[in-house]
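Before I ask anything, here is the structure I am working with.
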Amino acid sequence: MKMSNLYLPTLKETPAEAEVPSHQLMLRAGMMRTLTAGIYTYLPLGWRVIRKVEDIVRQAMNESGAQELLMPIIHTAELWKESGRWEKFGPLMIKFQDRKGRDYCLGPTHEEVITALVRGEIRSYKDLPVNLYQIQTKVRDEIRPRFGVMRGREFIMKDAYSFDRDYEGLDRSYRAMYDAYMKAFTNCGLEVRAVEADTGAMGGSESHEFMVLAEVGEDRIAFCDSCSYAANVEKAVAGEREVSGSEEMKEMEEVHTPGQKTIEEVSEFLGVDPAKTIKSLALLADGEPVLVLVAGDDQLNEVKLANYLAANELTPVADEDFEKYFSSTPGFIGPVGLEGIRVLADLRVKDIVNGVAGANKTDYHLINVNPGRDFIVDEYLDLRIVKEGDPCPKCDGKLEIKSGIEVGHIFKLGTKYSESMEATYLDENGKEQFIVMGCYGIGISRLVAAAIEQNHDEKGIIWPKAIAPYQVIILALGDDEEVVKVTEELYQELTARGVETLLDDRKERPGVKFNDADLIGIPLRITVGARSLKNNTIEARVRRTGEEIQLELENTVDKIIEILDRIE
RNA sequence: CGGAGCGUGGCGCAGUUUGGUAGCGCACCUGUUUUGGGAACAGGGGGUCGAAGGUUCAAAUCCUUUCGCUCCGACCA
């Protein structure tokens, strides 16, 4: 493509609307433009990258045996009511009516549509297994779209759905997708870690997320520094911590702690290690009050709690509602002497000896509190967010925490949807069975943003070759006849040999061309100017490394392809 | 939805405190000279200040309402 004809509006300055590097660079490099928050137009350069990623993903999917199809974006409400998610997904869906007043939504995901499709076709165990996928625009009315295409309200997703006769089959399908995903991400030139994940609104049993490690990532991931354990912190579990020494239980006492509400305040006021305080959190789980206890130096993991309680919604008890459940103001509640409220505690609370807790009396705390002796916990379970340095649950290592961008997510759904939507087959005995399902997503547009987060410098994007919009950019410096002739020939020949090449033939000064080439991140730059032509050479420069190579004007195209071949 | 910030030519911003009828840089158009890391000079076009209402002789500026954008949180694949 000749750049004099390319619709490539690059920006010299960073738009005020963009905060993170990938968002800024996608706008500056002329890859996309904003329509409104979370909704974007892909310009020719950006679309090329999207298509590259799609093709790589498509190939990995096809090789795994999955088959591509295309489902509608418009879904009927009946389907979603059938699965029970019309209400559950609720505000996340864009809903509307047709002229007859019938309800629809724009598809945020496609379990319902695919299940409705497949249940009509699959009758026998002989029809299984099957894995169907599509690459399509998804629509989700996100509460807070942000970071450009990282979390958009409209985004491109590859979603696949597997159908098996049993759980062994599902395990095989799941494994095949896991492998295909790793392959697709690697082929895109990305460094991705697979981590154990929570299943969230999709439901199901097992789940992995594929994470691109990046500072701007919205997810936090816990890694073991010595074994392969890795999990989203929503899911991560820490190993047993050593309990230091044994201490005699002392007699419980009430102490005056005026105005000391937070753990920090109380522990400082009483001169006690925060780990020995018991943090009491009053929550409503779908409206039911529950008191949750965690050690003062821990944070409650609400995902774990919500999963355990099978609650859709967890909200803190509002300050003004405290008197409904407690005899003190916020900051002084605790488990001792509390009645009529379910009490759950993190496992670490069990080990606290002579701890501190709220006295259920405004401006008072209790010291030398001992679980079991002074109060009863209905259930102990793992409820805390793991921290940097926590022991690994699988080995003797320690956990590290890093930020990541979720570019893929795979789920073992089991029969969640086949049961609610009655998707069944007949086994060898003629007995009706529910189809066992899995679902698998890759955020194509998010992956592009993640690739930029992982591959950029102060000058701009540095595309991995596999997803670069073009592999080579030829800069024609000046309009010297010889320069025009040489660049034109190079361009024609490279293109003829299948190398995707940009020719910067614009009437711009050299600085503009250099800067644009760096900004849009083409892996290999070829510079041709009158000056170098005098020595019968041209210059090649590798975007990622900055390596410069002088090339004699002889078999130049061979040499360029040679250099290109060794670029990642 | 709660908190914070911001909406002024295409982009980045000043002007708002203390009302007096809009300015700078970049970009754009024409011309000349330039041409290896975002050129220089000269000339030129383009905004009614997010929107609506109000106060005032007079509103970008003050008041009210509203819409949008960004960030933090809640929430969310």
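Values reported hereafter were calculated over all heavy atoms of this structure, with side chains retained and with hydrogens, waters and symmetry mates removed. Just so it is clear: chains get the letters A, B, ... in the order the sequence lines come, proteins before strands, and each one is counted from 1.
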Review point. Is any side-chain N or O of A:Arg151 under 3.5 Å from a base N or O of B:C76, one able to act as donor and the other as acceptor?
Key: yes
Check your understanding: Is there a donor-acceptor contact under 3.5 Å linking the side chains of A:Tyr470 and A:Thr501?
Key -> no
Point to revise | Donor-acceptor pair present, A:Glu508 side chain and B:G38 base, under 3.5 Å | key: no
**Study point:** Strand partner of B:G43, provided both Watson-Crick or wobble distances fall under 3.5 Å
**Key:** B:C29
Review point. CZ of A:Arg541 versus P of B:G37: gap in Å, rounded?
Key: 12 Å
Study note, to complete from the structure: If pairing means Watson-Crick or G-U wobble with both distances under 3.5 Å, then the partner of B:C76 is none
Exercise for review: From the options B:C69, B:G36, B:A77, select the nucleotide whose nearest atom is closest to the side chain of A:Phe514.
Suggested key: B:G36
**Study point:** Same-atom distance (P) from B:C62 to B:G15, integer angstrom
**Key:** 12 Å
Point to revise | Under 3.5 Å donor-acceptor, A:Glu265 side chain and A:Lys261 backbone | key: yes
Practice item. Take the protein atom CG of A:Asp219 and the nucleotide atom P of B:C75, then report the distance between them rounded to whole Å. Key: 14 Å
Exercise for review: Would you please determine if the base of B:A77 is stacked by A:Phe155, with stacking meaning a centroid separation under 5.5 angstrom and planes under 30 degrees?
Suggested key: yes
Practice item. Measure the distance from CG on A:Asp516 to P on B:G38 and round it to the nearest whole Å. Key: 13 Å
Practice item. Check whether any side-chain N or O of A:Arg144 sits under 4.0 Å from OP1 or OP2 of B:C72, and answer yes or no. Key: yes
Point to revise | From B:C26, B:G37, B:A77, nucleotide with atom closest to A:Lys12 side chain | key: B:C26
Exercise for review: For the pair A:Arg506 and A:Asp504, find out whether any cationic side-chain nitrogen is under 4.0 Å from an anionic carboxylate oxygen.
Suggested key: yes
Review point. In the structure shown, which nucleotide is the Watson-Crick or G-U wobble counterpart of B:C71, with both distances under 3.5 Å?
Key: B:G3
Exercise for review: Quote, to the nearest angstrom, the C1' distance that separates B:C67 from B:U32.
Suggested key: 48 Å
Exercise for review: Quote, to the nearest angstrom, the C1' distance that separates B:C6 from B:A14.
Suggested key: 15 Å
Exercise for review: Determine the Euclidean distance between corresponding P atoms of B:U18 and B:A22; express it in Å to zero decimal places.
Suggested key: 23 Å
**Study point:** Separation between the P atoms of B:A42 and B:A27, rounded to whole Å
**Key:** 15 Å
Check your understanding: Is B:C62 paired to anything, Watson-Crick or G-U wobble with both distances less than 3.5 Å, and if yes, which nucleotide?
Key -> B:G54
Review point. Are the ring centres of A:Tyr178 and A:Phe210 closer than 6.0 Å?
Key: yes
Practice item. Scan A:Gly529 against the nucleic acid and name what it touches under 4.0 Å (heavy atoms): base, sugar-phosphate only, or nothing. Key: base
Practice item. Return yes if the base of B:G36 and the side-chain atoms of A:Ser532 contain a donor-acceptor N/O pair under 3.5 Å, otherwise no. Key: yes
Practice item. Treat primed atoms plus P, OP1 and OP2 as sugar-phosphate and everything else as base, then score nucleotides 9-16 of chain B 5' to 3': B for base contact with protein heavy atoms under 4.0 Å, S for sugar-phosphate contact only, - for none. Key: --BSS---
Study note, to complete from the structure: Separation of B:A74 atom C1' from A:Leu92 atom CG, nearest Å, is 15 Å
Review point. Taking a pair as Watson-Crick or G-U wobble with both distances under 3.5 Å, which nucleotide is matched to B:C49?
Key: none
Check your understanding: Looking at A:Lys559 and A:Glu554, what are the two nearest heavy atoms and their distance?
Key -> NZ-O, 2.8 Å
Review point. Can you tell me how far P in B:C26 sits from the matching atom in B:A40, rounded to whole Å?
Key: 7 Å
Check your understanding: At under 4.0 Å between heavy atoms, what does A:Arg33 touch on the DNA or RNA strands: base, sugar-phosphate, or nothing?
Key -> nothing
Review point. Just by distance, do the side chain of A:Gln134 and the backbone of A:Met71 share a donor-acceptor pair under 3.5 Å?
Key: yes
Practice item. Find the distance A:Leu475:CG to B:U35:C1' and express it as a whole number of Å. Key: 14 Å
Review point. Taking the side chain of A:Ile143 as its heavy atoms from C-beta onward, which of B:C1, B:C26, B:C71 lies nearest to it?
Key: B:C1
Practice item. If B:C24 has a Watson-Crick or G-U wobble mate with both distances under 3.5 Å, name it; if not, just say none. Key: B:G12
Exercise for review: Would you kindly say whether A:Thr109 and A:Glu111 are connected by a side-chain donor-acceptor distance under 3.5 Å?
Suggested key: yes
Exercise for review: Kindly say if A:Arg509 contacts the phosphate of B:A39, meaning a side-chain N or O under 4.0 Å from OP1 or OP2.
Suggested key: yes
Point to revise | Atom of A:Ala236, atom of A:Val386 and distance for their closest heavy-atom approach | key: O-CG1, 3.4 Å
**Study point:** From A:Leu293, A:Asp298, A:Leu305, A:Leu281, residue fulfilling side-chain contact (heavy atoms from CB on, under 4.5 Å) relative to A:Leu383
**Key:** A:Leu305
Review point. Hey, is A:Glu453 close enough to A:Arg446 for a salt bridge, meaning N to O under 4.0 Å?
Key: no
Review point. Between A:Glu218 (CD) and B:C76 (P), how many Å, whole number?
Key: 13 Å
Point to revise | Side chain of A:Ala37 (C-beta onward), nearest among B:G38, B:C69, B:C76 | key: B:C69
**Study point:** C1' spacing across the pair B:C63 / B:A59, given as an integer number of angstrom
**Key:** 11 Å
Exercise for review: Can you tell me the distance, in whole Å, between the CZ atom of A:Phe147 and the C1' atom of B:C69?
Suggested key: 15 Å
Point to revise | Base-pairing mate for B:U35 - Watson-Crick or G-U, with both contacts under 3.5 Å | key: none
**Study point:** Selection from B:A77, B:C72, B:C69 that lies nearest to any side-chain heavy atom of A:Thr36
**Key:** B:C69
Check your understanding: Taking the P atom of each, how far is B:C57 from B:G50, in whole Å?
Key -> 25 Å
Practice item. Compare the minimum distances between each of B:G38, B:C1, B:G36 and the side chain of A:Leu477, then state the nucleotide with the smallest one. Key: B:G36
Point to revise | Pair assignment for B:G19, Watson-Crick or G-U wobble, requiring both distances under 3.5 Å | key: none
